[in-house]
Amino acid sequence: MLAHSASSLEPRAPAPRGAFQVASRAFSALRHRNFRLFWFGQLVSLIGTWMQSIGQAWLVLVLSHNNALELGIVGALQFLPVLVFSLFGGVIADRWPKRRLLLVTQSSAMVLALILFTLTATHVVQIWHIFILATLLGTVNAVDMPTRQAFVVEMVGRDDVMNAVALNSSLFNTARIVGPAIGGVLIAWLGVSLLFLLNGLSFIAVIIGLAMIHTDELHTVIRPQRARGLRASFTQLGEGLSYVRQSAVVLTVIILLAGIGTFALNFNVVLPLFAADVLSVGAPGFGVMSAVLGAGSLVAALVIAATGRTPRMSVLLVSGAMLAAFEIGFALSPWYPLSLLLLAGCGFATISFSATANTALQTASPDHLRGRVMSLYIVFFAGTTPIGNLLTGGVASAWSPALAVVADATIAALVVLFCVSKRQVAILPPAERVEGMAQLEARPFSQPTPAAAD
């Protein structure tokens, strides 16, 4: 972007060029055909996913008669497999062509959504059905999430990976705005079952996009020749963990992810209770709250995409602290408009944190270890949700939703303070990545052979 001098009398001449440069940089990853196909397919699918998310939360409240603990159990069951199996999902992602894996996982998620629609539409759904389906979806996501994260750099290359991560965040949060807004209206108008049908059908878009990807245009990834079997999988998992342990920067990011992912990001589980009992705005108001949270996230994602700056540790620390502060403010707010404003701040801080952490880990990872490193991102950012959901739901059920959110935010703030006291590196991750790759390439297990064609 061009800087404008305070003494300039005619700033209009360079402005169009500067605006064009910003717009071009903000969407630079979309110049890759494969990423465009994947991105637009995900846009449709994620709108459906958010519609199902709000519908499932409301359905659980209806079936459980506003039981916060059972709401927390559903969230825990959906993410428990992610916590347990994502590390091995990363091993699978490094071992097999990622496009093929995503076709399998996305098709499986579609089937599960259609099963939930059938149970709900026929009025036979019970809470234990939701428990089982949530667990199965979590098992699918244990492979899908690290594979999807690691696939980004294969579609766009290292130069555009931060922009691609930011665009994925903007995509996710556009869906978070549109999906709950539509879902809240549909729940009040036609009931929840239609949301599950629309989600199932939305997977068709991403499956078509994946099928149309040109594999010869993917950025080459060299995979070492590896043994198969359970013992070999544990060995390969150890290789990824060893790399993380050697990198002070990556380890700090993981600690932040663990603290914030376990506690600060799990206030979502009690949002329906705030809507129903604290703020008394019902299902439509719940949809608006979710949409506003997404709007703040979308603004952050677009800012990151447009600036395209190198990820910095200071951004992680400040955004983590901001998230904790906004959550405490939201928990204590008695006014709906103020609560919406604070939710927008929570969304902005969340994406500032997560996009920076994601990009740092993507660019710090050698190609043949990226699936395993990103599986750690998934484990500590999303997989710890069962712990956070159970704690948050339990505290909300025993005392109050506000106390649960304040407690979570306080713990997250303490983790941020710990990392501030231990901070050693300000800039993520180019020098760290080069050093880490050199260490790995000197080891016997990193000798590469060409990967099989997808």
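These values consider heavy atoms only, across backbone and side chains, with no hydrogens, waters or symmetry-generated copies.
- At a threshold of 4.5 Å between non-hydrogen side-chain atoms, the residues Y336 and M289 count as touching.
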Inset, instruction - Start with the C-alpha gap between L116 and Q52, add the side-chain angles, then the distance that decides, and say whether side chain to side chain contact (heavy atoms under 4.5 Å, CB included) holds. - result: CA-CA 10 Å; L116 182 56; Q52 171 156 324; 3.9 Å; yes
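- Of the inter-residue distances, the one linking L101 atom CG with D144 atom CG reads 9.0 Å to the nearest 0.5 angstrom.
- Side-chain contact between L136 and I115 is absent, with no heavy atoms from C-beta onward closer than 4.5 Å.
- Shown here for V192 and G55, the closest heavy-atom pair between the two residues is CG1-O, 3.9 Å.
- Although no hydrogens or angles enter the test, the distance criterion places a donor-acceptor pair under 3.5 Å between the side chain of W39 and the main chain of L167.
- Across every non-hydrogen atom of Q78 and Q56, the tightest pair is OE1-NE2, 3.3 Å.
- Using a 4.5 Å cut-off on side-chain heavy atoms (C-beta onward), I254 and L257 make contact.
- Nearest heavy atoms, S354 versus Y377: O-OH, 3.6 Å.
- Judged by distance alone, with hydrogens and angles left aside, the side-chain atoms of S53 form no donor-acceptor pair with the main-chain N or O of T49 at under 3.5 Å.
- With 3.5 Å as the limit, one finds no donor-acceptor pair spanning the side chains of Q42 and N168.
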Inset, instruction - Assess whether side chain to side chain contact (heavy atoms under 4.5 Å, CB included) is satisfied between V278 and L273, documenting all intermediate values. - result: CA-CA 7 Å; V278 178; L273 292 175; 5.9 Å; no
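- Aromatic ring centroids of F274 and F286 lie 6.0 Å or more apart.
- Within the model, atoms CD1 of I411 and CZ of F263 stand 4.5 Å from one another, a figure rounded to the nearest 0.5 Å.
- Listed for the R99 side chain is a donor-acceptor partner under 3.5 Å among the backbone atoms of L210.
- Formation of a donor-acceptor pair under 3.5 Å by the K98 side chain with backbone atoms of F151 is not found in this model.
- Atom CG of residue L293 and atom CZ of residue F348 lie 13.5 Å apart, to the nearest 0.5 angstrom.
- Judged by distance alone, the side chain of S107 and the main-chain N or O of V104 form no donor-acceptor pair under 3.5 Å.
- The closest side-chain heavy-atom distance from P81 to T135 is below 4.5 Å.
- T262 places no side-chain N or O within 3.5 Å of a backbone atom of G259 that could act as its donor or acceptor partner.
- Once rounded to the nearest 0.5 Å, the distance linking CZ of F196 with CG of L198 reads 11.0 Å.
- Closest non-hydrogen pair, F131 versus V74, comes out as CE2-CG2, 3.4 Å.
- Between L317 and C419, some side-chain heavy-atom pair lies under the 4.5 Å cut-off.
- I207 is not listed as a side-chain neighbour of I204, based on a closest heavy-atom distance of 4.5 Å or more.
- Within the 4.5 Å cutoff, the side chain of V44 has no heavy atoms near those of the V206 side chain.
- Heavy atoms only, all atoms of each residue included: P146 and N141 are closest at CD-O, 3.9 Å.
- Separating the CD1 atom in I260 from the CD1 atom in I255 is a distance of 12.0 Å, to the nearest 0.5 Å.
- Side-chain atoms of Q126 and L63, non-hydrogen and from C-beta on, never get closer than 4.5 Å to each other.
- The shortest non-hydrogen separation linking C346 to T350 is O-OG1, 2.8 Å.
- Here the straight-line distance linking atom CD1 of I54 with atom CD1 of I182 works out to 10.5 Å at 0.5 Å rounding.
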Legend entry - Verdict with reasoning, L119 to L133, per side chain to side chain contact (heavy atoms under 4.5 Å, CB included): CA-CA 11 Å; L119 291 171; L133 290 173; 4.1 Å; yes
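- Checked by atom type and distance alone, the side chain of S64 pairs as donor or acceptor with a backbone atom of V60 at under 3.5 Å.
- Residue pairs that meet the side-chain hydrogen bond (donor to acceptor under 3.5 Å, both in side chains) test with at least one member in residues 396-414, sequence neighbours left out, are T392-D408.
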Inset, instruction - For M51 and N199, run side chain to side chain contact (heavy atoms under 4.5 Å, CB included): C-alpha distance rounded to whole Å, both residues' side-chain angles, the deciding distance at 0.1 Å, then the answer. - result: CA-CA 7 Å; M51 291 172 65; N199 181 43; 5.7 Å; no
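- The side chain to side chain contact (heavy atoms under 4.5 Å, CB included) with F353 is formed by just one residue from the set V416, L323, L256; it is L256.
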